[in-house]
Amino acid sequence: RFGTCGTAAPSAKRFQRVVCSEKHSWQAVDVVDLPGDARYLAKNVTAMGDAACKEVASQRSDGALKFTWSFEWPTRDQWNAGQRYGYCWVPEAG
């Protein structure tokens with residue numbers, strides 16, 4: 001109810017964060033710790049985050065062979081402030 005949800009996929013232009021008690025279609029379900037010494041938006045770290053989120057989505061898919069997920073980096077401002085984790089997003093079931 002009070003979790004972090006979104007009105008669309010995090011990569012969509014119309015994406016907005018909302019509390020999960022509001023109308024939404026995606027939910028942040030986990031975080032991925034990022035290396036403290038990583039470069040912002042580094043491809044290898046993006047691949048690591050994406051793989052971790054894929055695993056989270058797979059575990060939540062109830063054995064489905066096709067499932068969707070998204071890994072989201074912190075914003076540049078969040079990164080500069082020291083945030084070293086990103087979000088794993090999955091579409092809301094149903």
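Starting from 1, each residue takes its place in the sequence as its number.
- Screening Y87, W26, W89 for a ring-ring contact (aromatic ring centres under 6.0 Å, His included) involving F15 leaves a single residue, W89.
- Heavy atoms only, all atoms of each residue included: S70 and C53 are closest at O-SG, 4.0 Å.
- Here CD of E92 is found 6.0 Å from SG of C5. Values are rounded to the nearest 0.5 Å.
- The two atoms that bring A57 and V90 nearest to each other are CB-CG1, 3.8 Å, heavy atoms only.
- Taking CD of Q78 as the reference point, atom CH2 of W73 lies at 12.0 Å (rounded to 0.5 Å).
- When all heavy atoms of L34 and P74 are compared, the closest pair comes out as CD1-CD, 3.9 Å.
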Dump the intermediate steps for side-chain contact (heavy atoms from CB on, under 4.5 Å) on V18 and K23, then the final yes or no. CA-CA 8 Å; V18 295; K23 184 176 179 180; over 6 Å; no
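- Between V32 and F71, the closest heavy-atom pair is CB-CE1, 4.1 Å.
- To the nearest 0.5 Å, the span separating SG on C88 from NZ on K54 amounts to 13.0 Å.
- Annotation: the span from F2 atom CZ to S21 atom OG amounts to 6.0 Å, rounded to 0.5 Å.
- At least one donor-acceptor pair under 3.5 Å links the side chain of Q83 to the backbone N or O of Y85.
- What you find for V45 and P35 is that their closest heavy atoms are CG1-CD, 4.0 Å.
- Between the side chain of T7 and the main chain of R14, a donor-acceptor pair closer than 3.5 Å is present.
- Taking the six-membered ring where tryptophan is involved, the planes of F67 and W69 are tilted, since the angle between them lies from 30° to 60°.
- Note: D30 CG to R60 CZ = 8.5 Å, rounded to the nearest 0.5 Å.
- Taking each heavy atom of S61 and S58 in turn, the nearest pair found is OG-O, 2.8 Å.
- A salt bridge links R17 to E72: at least one charged side-chain nitrogen sits closer than 4.0 Å to a carboxylate oxygen.
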